[in-house]
Amino acid sequence: MFEDTKKEIAQRINTICRELDLPELKVQWAWIPFAGQWGIATSFFKLASEDIKHRGTKKPVPQYADEIAHLVADKLGIPDGFDRVETINGYLNLYFQPGEYTRKVLDATLTAGAHYGAGDPNNLRVMVEFSQPNTHKAFHVGHLRTLMLGAAVSNILEFAGWEVVRANYIGDIGLHVMKWMWNYLTNHNGEEPGEDRIRWLGDIYTEADNLFHSDPAIENAVRALFGRWEKRDSELVALWEKTRHWSLEGFDEIYRMMGVKFDHVFYESEEEQSGKSIVEDLIIRGIARDDRPTGGSVYIPLDELAGTKEKYRVLVILRSDGSSLYATKDIPLTIKKMEQFSLDRAVWVVDVRQALYLSQIFKTIELMGYPWANNLYHLAYEIVNLPGNVTISSREGAVVLLEDLVREATRRARQIVDEKNPELVPEMKDKVASAVALGSIKYPMVSRESGKVVTFDWESALDINDQTAPYMQYACVRAGSILRKAGGLPSGETPVPVDLHPAEITLVDLIARLPDEVQKAATDYKPMTIANLAYDLAKAFNDFYQNCPVLQADELTRNFRLKLTAASRQAISNCLFLLGITTPEVM
RNA sequence: GCCCCUGUAGCUCAAUGGACAGAGCACCGGACUUCUAAUCCGAUGGUUGUGAGUUCGACUCUCACCAGGGGCACCA
């Protein structure tokens, strides 16, 4: 908000600098950090420091910066829409006219509604690839972070103005699938999944993996099965199709439960063929080395080609027996994504342990000469551990299934709803419990720096107090309750009272920040920015709720506060929406 | 050995290179005859891992070191 104003004043400041024979200043606007004040600020330290160097004078920078600030302020006067201008410690602070500023912020919010904070379309298309589960395995809390982070980043980019393609890449083939199918044929033949299909599939996998490592004969049997697969043994392919389908149905249920949708789904099994032909191409072009004649693999000596040392290492793109690897498929898939979808950018929301691997893929793309190689970005996140730094592993079976977590969280949330709001009808109670449970599960995934490990424990996952999604949902519910009782918003112009409560001032300030924060979150791929704002808004609203009666206030105050209440709820729920969290009507 | 990430209050975490480093939990003390107390208010709590450097200014950037985690040719 106020981009035009900022730009205009920045230009005027530059004109003034030129008149004063000072260097050009690249004006960086910041919000005035003092509580209870609205305005924009910039400092003159950089300018002062440059000019001192340029003139060779000896003067303390802070003092000179302050002098310049004064000179500029004198010439600038008080621009339209501002109340006063002050200079202090090298800063130039411009304070908005409270009434006009408040009206502008509230009108912008209420007019745009669910769209408030959104940026203009930038005519650029980005694909966000996330989730990437393997079929025939459990879907556990470790998979939650990429899911919620990817969903949130997608929402934010879209809101910021990008055209977003949400993509999933499902690992429906590979050694893990062969292990599973071997175990099924050997120990579970003919069995069908019951209600709990993901658990059932996961259990068979864990068992298969244990057997695989316990006996070389079993390992050989699994490899033999892989051989049959490579020859497209029709019986095996039929089993694969059937069991794969079970997994995919289970995933669909989970995505529906979590409220996540994809625009496009890639399957690993569909990328094998193009992968093998690109390997041949890379060999011919001298990028890949073919050691198969001497019993080796096909690989790309990345460090050698890039002129680096122990940085990109070596990327194997085809096994010595000619079978494909993850990289075999990822290279053509990347090209397909960028070209078929006409992408301007592609983002991989993938666990940090694959950082080297993805940098190898990106480097390979660059070496292949694709001009868009710089537009590939790995959004790396740290994993979700169990207490005591225990890594969640579907091989070892030390997992907490996502379904179990959601079920338990919903059960507990339902208990609290019963206690807090016993008169609600049961369906409504279920609805509230679901929104609260999902919110409290999702929020920790998007509210911290992606580079930090999340430790999962039941207690904190199901804790719904304070800095959590329910806190913010509750603020929305309280706001909704006031608006319901008021029977709607006042129509037409609403004058802004002269004396505003500090809580009101803070609220308006925070609401006004949403558009900027959306852009920042999109640029940095950081949903945390929005999570922080949502929390600050909810906190400010609860403060307002406590201190500023709405319904009982005199008419002028009441009308203004009703609008402020509506705008607050809108801003919070827009933030929550971006994070993939829904807002219930009651709690 | 090489590379990456993390290190901020007792714990979990914030802080576009800028004005006094902020929240929550925990602990202590308060507030429901009021628009929903899933809330609010108050108090306590810091040599931002260590040492240098860059800068007018460093939690933020650079380098070294310490501690923890991760990665490094036929897994995904």
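Quick caveat: nothing in here was measured; it's all calculated off a predicted structure. Chain A is the first sequence line, chain B the second, and so forth, proteins listed ahead of strands; every chain is numbered from 1.
Separating the C1' atom of B:rC72 from that of B:rA23 is a span of 39 Å, rounded to the nearest Å. Atom P of B:rG45 sits at a distance of 30 Å from the matching atom of B:rU6, rounded to the whole Å. Here the separation of B:rU60 from B:rU50, taken at their P atoms, is 11 Å to the nearest Å. Nucleotides B:rU12 and B:rA52 have their P atoms positioned 28 Å apart, rounded to a whole Å. Nucleotides B:rC61 and B:rG7, compared at atom P, are 10 Å apart to the nearest Å. The separation of B:rC63 from B:rG24, taken at their C1' atoms, amounts to 36 Å, rounded to a whole angstrom. Here, B:rA64 and B:rA26 have their P atoms 42 Å apart, quoted to the whole Å. Separation of the C1' atoms belonging to B:rU44 and B:rG22 is 16 Å when rounded to the nearest angstrom.
Between A:Tyr169 and A:Tyr326, the ring-plane angle classifies as parallel under the 30° and 60° cut-offs. The aromatic rings of A:Phe456 and A:Trp458 stand perpendicular to each other, their planes meeting at an angle above 60°, with 30° marking the opposite boundary. The aromatic rings of A:His176 and A:Tyr205 sit perpendicular, their planes meeting at an angle over 60°, well past the 30° parallel limit.
Across all strands shown, A:Val352 has no heavy atoms under 4.0 Å from either base or sugar-phosphate atoms. Residue A:Gly451 is in sugar-phosphate contact alone, with no base atom involved, counting any heavy-atom pair closer than 4.0 Å across all strands shown. The residue A:Val298 sits apart from the nucleic acid: no heavy atom pair falls under 4.0 Å. Within the 4.0 angstrom heavy-atom criterion, no nucleotide atom of any strand lies near A:Asp536.
The nucleotide whose nearest atom lies closest to any side-chain atom of A:Leu356 is, among B:rA14, B:rC72, B:rA76, B:rC72. Distances from the side chain of A:Lys420 to the nucleotides B:rA38, B:rC35, B:rU36 place B:rA38 closest. Among the nucleotides B:rC74, B:rC20, B:rC35, the one closest to any side-chain atom of A:Phe34 is B:rC20. In the set B:rA15, B:rG1, B:rA19, the nucleotide with an atom closest to the side chain of A:Glu310 is B:rG1. Taking only side-chain atoms of A:Lys452, from C-beta outward, the nucleotide of B:rA76, B:rA14, B:rC40 with the closest atom is B:rA14. Closest to the A:Arg319 side chain, of the nucleotides B:rC40, B:rA76, B:rA38, is B:rA76. In the set B:rC35, B:rA73, B:rC56, B:rA73 carries the atom at the smallest distance from any side-chain atom of A:Ser297. Side chain of A:Val417, nearest nucleotide from B:rA38, B:rC56, B:rA73: B:rA38. Side chain of A:Leu325, nearest nucleotide from B:rA19, B:rC56, B:rC75: B:rC75. Ranking B:rU36, B:rC35, B:rC56 by closeness to the A:Pro549 side chain, first place goes to B:rC35.
Straight-line distance from the CD atom of A:Gln360 to the P atom of B:rC4: 15 Å, rounded to whole Å. Taking atom CG of A:Leu315 as the reference point, atom P of B:rC3 lies 20 Å away to the nearest angstrom. Between the CE atom of A:Met587 and the P atom of B:rA37 there is a distance of 12 Å, given to the nearest Å. Rounding to whole angstrom units, CG of residue A:Leu302 and P of B:rC72 are separated by 15 Å. The nearest whole Å value for the distance from the CD1 atom in A:Ile530 to the C1' atom in B:rA15 is 16 Å. Following rounding to the nearest Å, A:His213 (NE2) and B:rC75 (C1') show an atom-to-atom distance of 10 Å. For the pair A:Glu129 CD and B:rA76 P, the computed distance is 15 Å after rounding to whole Å. For the pair A:Asp524 CG and B:rA14 C1', the computed distance is 15 Å after rounding to whole Å.
When both distances must be under 3.5 Å, the Watson-Crick or G-U wobble mate of B:rA15 does not exist. Across all strands shown, B:rU50 is found opposite B:rA64 as a Watson-Crick or G-U wobble partner, with both distances under 3.5 Å. The partner of B:rA26 is absent, by the rule that a Watson-Crick or G-U pair needs both atom distances under 3.5 Å. The base-pairing partner of B:rA21, taking Watson-Crick or G-U wobble contacts with both distances under 3.5 Å, does not exist among the strands shown. Applying the Watson-Crick and G-U wobble criteria (two distances, each under 3.5 Å), B:rC2 pairs with B:rG71. Nucleotide B:rA38: unpaired (no Watson-Crick or G-U wobble partner with both distances less than 3.5 Å).
Here the closest heavy-atom approach between residue A:Tyr443 and residue A:Ala531 is recorded as OH-O, 3.2 Å. Between A:Val350 and A:Gln132, the shortest heavy-atom contact is CG2-NE2, 3.3 Å.
Using a 4.0 Å cut-off, some side-chain N or O of A:Lys485 falls inside it from OP1 or OP2 of B:rU36. Side-chain N/O atoms of A:Lys179 include none lying less than 4.0 angstrom from OP1 or OP2 on B:rC75. Between A:Tyr545 and B:rA37, a side-chain N or O to OP1/OP2 separation shorter than 4.0 Å is present. Here A:Tyr474 reaches the OP1 or OP2 of B:rA38: one of its side-chain N or O atoms lies under 4.0 Å away. Look at A:Arg292 and you won't find any side-chain N or O under 4.0 angstrom from OP1 or OP2 of B:rC74. Dashed line: the shortest gap from a side-chain N or O of A:Arg478 to OP1 or OP2 of B:rA37 is under 4.0 Å. Taking only side-chain nitrogens and oxygens, A:Tyr471 comes nearer than 4.0 Å to OP1 or OP2 of B:rC40. Note on A:Ser49: a side-chain N or O is less than 4.0 Å away from OP1 or OP2 of B:rC56. The phosphate of B:rC3 (OP1 or OP2) has no side-chain N or O of A:Lys311 nearer than 4.0 angstrom.
Base orientation of B:rC32: syn, the glycosidic angle falling within 90° of 0.
In summary, the side chains of A:Asp536 and A:Asn532 do not present any donor paired with an acceptor at a separation below 3.5 Å, with no hydrogens or angles considered. The closest side-chain donor-acceptor pair between A:Ser323 and A:Arg319 falls under 3.5 angstrom. Between the side chains of A:Thr87 and A:His70, a donor-acceptor pair is found at a separation under 3.5 Å.
On a pure distance criterion of 3.5 Å, a polar donor-acceptor pair joins the side chain of A:Arg313 and the base of B:rC72. With hydrogens and angles left out, the side chain of A:Arg484 and the base of B:rC35 share no donor-acceptor pair within 3.5 Å. One cannot find a donor-acceptor pair under 3.5 Å joining the base of B:rA37 and the side-chain atoms of A:Asn542.
Residue-to-nucleotide proximity on RNA chain B shows that, of A:Leu92 and A:Gln552, the 5′-proximal contact is made by A:Leu92. For the pair A:Pro33 and A:Lys539, nearest-nucleotide mapping onto RNA chain B gives the more 5' position to A:Pro33.
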Hey, mind stepping through A:Ser269 and A:Asp172 against side chain to side chain donor-acceptor pair (under 3.5 Å) and telling me if it holds?
-> CA-CA 6 Å; A:Ser269 59; A:Asp172 60 346; 2.6 Å; yes
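Checked against the 6.0 Å centroid criterion, the rings of A:Tyr64 and A:Phe45 do not qualify as a close aromatic pair.
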